[in-house]
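Have a look at the structure below, then the notes.
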Number of protein chains: 2
Amino acid sequence: MGLTKTEIFTQEQNRIADLAKAFAHPARVAILQLLISRKACVCGDLVDELELAQATVSQHLKELKRIGIIQGEINPPRVCYCINPPVWEEAQRAFGALFDTFVPVTCC
Amino acid sequence: MGLTKTEIFTQEQNRIADLAKAFAHPARVAILQLLISRKACVCGDLVDELELAQATVSQHLKELKRIGIIQGEINPPRVCYCINPPVWEEAQRAFGALFDTFVPVTCC
DNA sequence: TTTATTCATCGTAATATTACAATTAACAAA
DNA sequence: TTTGTTAATTGTAATATTACGATGAATAAA
């Protein structure tokens, strides 16, 4: 099918899954890392850094914007992207909390 | 295409993306949470808990095993699953490090 | 006005993912 | 040996994702 049954999961589970998607492709990891390392918001030189077509980079940026973890400021003819702190911190908290719920136990 | 160009990314970026995939579907998040909450390793009652067909659950378990974040112990006719601590901690470290590299700056 | 630059969007092709029914495999118990 | 139970695997259908060329929109500069 390829169609996730979101209705049978909690809102939290669906949100975590969505936030994880921001990191679930190496190109998006690379984009996020670039946006962080160049403290100033990088624009389309992402295309130069990544060996991907401009349309492909734009598509990944769109997905990151949909999730909310980055924001873009139009500054014609350029667009300036950067991490969106509230959502970044939301992800940090959500994953941090999830990771912390596991306490190693002898098992199986 | 649907075919990720893994060769143009670093090993670290590809690994983070792979680890993120463990959390990038709400069913897998639910499975991981169940494996954690029932400290004893749950087996196929995952199928009862999740409103998903057995084959679907098995497929998600296979993906989680591929990533390495869970392990299964065959205990016929049952299989006992649990979190694989080293990989869980690898993910915790990897995401923790990534989250910490971002320091909020005024931007755009 | 024309031209150049940057980036989003559209269209398209190929592969991946999600989901499930049906089957198979592996074993315990009768 | 036969039967029952559990879970993996297979086959299949439908949707999603990834990637890119081409086009379009928006604006600055000439």
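To find a chain, count down the sequence lines: A is the first, B the second, and so on, and within it residues start at 1.
- Within the structure, side chain to side chain donor-acceptor pair (under 3.5 Å) contacts touching residues 21-35 of chain B (residues at least two apart or in different chains) are Thr4(A)-His25(B), Gln13(A)-Gln33(B), Arg28(B)-His60(B).
- Using a 4.5 Å cut-off on side-chain heavy atoms (C-beta onward), Leu64(A) and Phe23(A) make no contact.
- If Val57(A) and Thr6(A) are placed on DNA chain C by their nearest nucleotide, the residue sitting closer to the 5' end is Val57(A).
- Under the 4.5 Å side-chain criterion, counting only non-hydrogen atoms from C-beta, Val79(B) is not in contact with Glu73(B).
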Note to self: Could you spell out the base pairing of DNA chain C as a dot-bracket line? Use Watson-Crick and G-U wobble contacts where both distances are under 3.5 Å, [ ] for crossing pairs, | for partners on a different strand.
What the structure shows: ||||||||||||||||||||||||||||||

Are any protein N/O atoms closer than 3.5 Å to N/O atoms in nucleotides 15-17 of chain C? If there are, list each pair with its distance.
| unit_1 | atom_1 | unit_2 | atom_2 | d |
| --- | --- | --- | --- | --- |
| dT15(C) | O4' | Met1(B) | O | 2.4 |
| dT15(C) | N1 | Met1(B) | O | 3.3 |
| dT17(C) | O2 | Gly2(A) | N | 3.4 |

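- You'll find the side chain of Leu61(B) reaches within 4.5 Å of the side chain of Leu46(B), heavy atoms only.
- Side chains of Asp45(B) and Leu34(B) form no contact here, defined as non-hydrogen atoms less than 4.5 Å apart.
- Under the 4.5 Å side-chain criterion, counting only non-hydrogen atoms from C-beta, Pro85(B) is in contact with Gln71(B).
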Expected list for residues 87-105 of chain A: side-chain donor-acceptor pairs under 3.5 angstrom, two or more places apart:
| unit_1 | atom_1 | unit_2 | atom_2 | d |
| --- | --- | --- | --- | --- |
| Trp88(A) | NE1 | Phe99(B) | O | 3.2 |
| Glu90(A) | OE1 | Arg15(A) | NH2 | 2.9 |
| Glu90(A) | OE2 | Arg15(A) | NE | 2.8 |
| Gln92(A) | NE2 | Asp100(B) | OD1 | 3.2 |
| Asp100(A) | OD1 | Gln92(B) | NE2 | 3.2 |
| Thr101(A) | OG1 | Leu98(A) | O | 2.6 |

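- We find that OH of Tyr81(A) is positioned 15 Å from P of dT6(C), with the value rounded to whole Å.
- Nearest heavy atoms, Ile70(A) versus Tyr81(A): CD1-CD2, 3.8 Å.
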Report each atom pair, protein N/O against N/O of nucleotides 24-30 of chain C, whose distance is under 3.5 angstrom.
none

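- Rounding to whole angstrom units, CD1 of residue Ile8(A) and C1' of dC20(C) are separated by 13 Å.
- Between the CZ atom of Arg78(A) and the P atom of dA4(C) there is a distance of 17 Å, given to the nearest Å.
- Looking at heavy atoms from C-beta onward, Ile8(A) lies in side-chain contact with Leu52(B) at the 4.5 angstrom threshold.
- Lys62(B) places its NZ atom 7 Å from the C1' atom of dT9(D), with the value rounded to the nearest Å.
- Residue Ser58(B) places none of its side-chain N or O atoms closer than 4.0 Å to OP1 or OP2 of dA7(D).
- Of all the heavy atoms in Asn84(A) and Gly68(A), the pair that sits closest is ND2-O, 3.0 Å.
- Closest-nucleotide positions on DNA chain D for Thr56(A) and Lys65(B) were compared, and the one nearer the 5' end corresponds to Lys65(B).
- When atom types are taken as modelled, the side chain of Asn14(B) and the backbone of Thr10(B) share a donor-acceptor pair closer than 3.5 angstrom.
- Contact check for Leu32(A) versus Val29(A): no side-chain heavy atoms found under the 4.5 Å cut-off.
- Of the residues in residues 45-55 of chain A, Gln54(A), Ala55(A) come within less than 4.0 Å of DNA chain C through at least one heavy atom, sorted by number.
- No donor-acceptor distance shorter than 3.5 angstrom exists from the side chain of Asn75(B) to the backbone of Cys80(B), with no hydrogens or angles considered.
- In this structure, the NE2 atom of His60(A) is 16 Å from the C1' atom of dC7(C), given to the nearest Å.
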